[in-house]
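Please read the structure below before turning to the comments.
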Amino acid sequence: MPSNDLLVQNWKENVINLVQFPRTASIPSPSPFSLKLETWLRFTKLNYTNVNNEFKHYSKKGQVPFIELNGRQYADSYFIINNLIKIFNVSIDQNLSTRERAESRAINVLIEESLFRTLIYDRSRDFSWLASVDKGIGGHLTGIKKVPILQKFVIKQFQSKLKKANHIQGIGRHSVEEVEEIAKKDLWSLSTLLGEKKYFFGDHPTSVDATAFGHLAQFIYTPLNSDKVKTFIETETPNLVEYVKRIKEEFWPDWDEITRTLALNYDPNKKPEAVTVTETVTVTETVTQPAAESTATE
Ligand SMILES: N[C@@H](CCC(=O)N[C@@H](CS)C(=O)NCC(=O)O)C(=O)O
């Protein structure tokens with residue numbers, strides 16, 4: 001249903017407006033689901049442009065990423081992808097057999113319902129890198145006092161809300177060691193399922209590779225409190241590290257420029273656009289409801 005309630009009022013036909021958090025200095029998005037969706041759009045070469053949510057614009061479901069397309073909002077990466085496949089007749093998963101589709105679903109759930117939780121658990125322990133200039137969104141902020149204020153109050157509040165969400169979901173009741181054990185088992189499973197293959201289902205990326213990249217890149221390129229998990233990935237699952245590097249090189253050739261300039265829509269021929277993180281306080285109000293973090297269901 002077309003809506004007047006759109007963030008982008010002057011939309012162009014068939015251009016996907018992808019609304020997501022501002023860039024960080026270590027990864028194009030600290031949200032695994034936004035990185036998944038943007039990677040998927042790059043796999044499929046659909047025409048999209050990024051829109052800054054400024055930590056205050058969320059979907060009708062209360063989350064990012066969401067898209068606006070031809071006057072309509074679509075929320076949740078799972079439903080967005082399914083809708084885009086239908087709307088643009090995207091063939092990315094077309095060659096998967098029935099069994100592969102079932103495996104793809106199982107891998108997706110392993111990542112989004114288990115591995116993702118271990119990441120959120122880790123970030124609930126200490127997420128201060130998000131405010132920093134060298135790794136996080138600090139470079140967007142103006143004024144020397146903004147980064148310490150963000151770190152001291154907003155991030156702390158953010159962590160405590162994540163803790164609450166983790167407690168309700170259940171993972172928050174486990175010890176650090178127990179959650180590390182879960183993360184390692186998930187990573188080992190993914191590594192075993194990937195094996196020597198280029199992508200999970202052969203030589204071409206399918207949708208599940210976007211999910212895997214969006215999440216695994218967080219473990220590889222952003223700071224983790226758990227050194228044990230970082231070391232495990234590097235030493236025990238080197239095929240996952242190579243896989244992520246390969247996707248990064250092929251589909252994110254602008255990664256270094258994006259993380260250096262923090263440009264949402266990086267264009268080598270243009271000066272980076274100004275990106276603002278204005279209402280820092282809204283970070284606590286909007287990013288942190290203890291609602292289910294992942295709501296996709298079949
Ligand atoms: N199932 C959703 C999950 C999206 C999600 O968890 N987004 C997080 C950022 S990574 C968010 O917006 N959290 C804010 C909130 O839930 O209040 C999807 O696939 O898009």
Side-chain angles (χ1 to χ4, degrees), residues 7 16-24 26-41 48 50-69 73-85 104-105 107-124 127 129-130 136-137 154-155 157-169 171-172 207-219 221-222 224 264 277 279-298:
L7 198 55
I16 298 158
N17 286 295
L18 166 56
V19 186
Q20 59 168 315
F21 292 139
R23 300 294 195 198
T24 79
S26 50
I27 196 158
S29 178
S31 155
F33 296 95
S34 300
L35 190 62
K36 160 192 172 182
L37 184 56
E38 192 169 356
T39 303
W40 188 89
L41 290 168
Y48 76 96
N50 289 304
V51 180
N52 184 3
N53 99 317
E54 295 183 31
F55 292 113
K56 63 182 178 191
H57 302 293
Y58 289 86
S59 72
K60 293 194 177 108
K61 295 183 182 180
Q63 295 192 311
V64 286
F66 68 94
I67 63 161
E68 292 179 354
L69 172 65
Q73 183 193 98
Y74 299 83
D76 193 294
S77 64
Y78 172 82
F79 292 107
I80 294 169
I81 287 175
N82 280 357
N83 276 293
L84 290 177
I85 286 177
S104 171
R105 176 66 185 155
I107 296 169
N108 215 81
V109 172
L110 166 67
I111 296 171
E112 295 190 349
E113 299 296 340
S114 182
L115 186 63
F116 167 69
R117 301 281 168 199
T118 71
L119 179 73
I120 294 307
Y121 182 97
D122 188 274
R123 289 179 174 176
S124 76
F127 203 176
W129 69 264
L130 185 66
I137 58 169
V154 182
I155 300 281
Q157 234 176 311
F158 189 18
Q159 280 170 217
S160 88
K161 295 270 176 75
L162 285 180
K163 275 203 170 91
K164 228 184 261 173
N166 290 342
H167 187 77
I168 292 169
Q169 191 271 339
I171 196 164
S207 295
V208 79
D209 294 295
T211 304
F213 180 79
H215 288 75
L216 291 172
Q218 309 289 333
F219 285 85
Y221 299 113
T222 71
L224 286 186
L264 255 186
V277 179
E279 308 277 328
T280 52
V281 173
T282 58
V283 173
T284 58
E285 289 166 354
T286 50
V287 184
T288 52
Q289 307 155 14
E293 293 267 346
S294 184
T295 52
T297 47
E298 289 237 291

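Computation of the quantities below employed the complete heavy-atom set of this structure, encompassing side-chain atoms and omitting hydrogens, waters and symmetry-equivalent molecules. Counting starts at 1 for both ligands and their atoms, in listed order. Sequential numbering from 1 along the given sequence is applied to the chain's residues. All values reported here derive from a predicted model rather than from experimental measurement.
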>> Using a 4.0 Å cut-off to any heavy atom of Ser31, which atoms of ligand 1 qualify?
In response: 9 (C), 10 (S)
> Do Tyr58 and Phe66 have ring centres separated by under 6.0 Å?
Replying inline: no
>> Below the 3.5 angstrom mark, is there an N/O of Gln63, backbone or side chain, next to an N/O of ligand 1?
In response: yes
> Is any NZ, NE, NH1 or NH2 atom of the basic residue among Glu38 and Arg23 found under 4.0 Å from an Asp or Glu carboxylate oxygen of the other?
Replying inline: yes
> Can Gln20 and Asn53 be counted as having a side-chain donor-acceptor contact under 3.5 angstrom?
Replying inline: no
>> Given Asn53, Val64, Asp76, identify the one with the heavy atom nearest to atom 4 (C) of ligand 1.
In response: Val64
>> At less than 4.0 angstrom from any non-hydrogen atom of Pro65, what atoms of ligand 1 do you find?
In response: 20 (O)
> For the ring pair Phe116 and Phe33, is the centre-to-centre distance below 6.0 Å?
Replying inline: yes
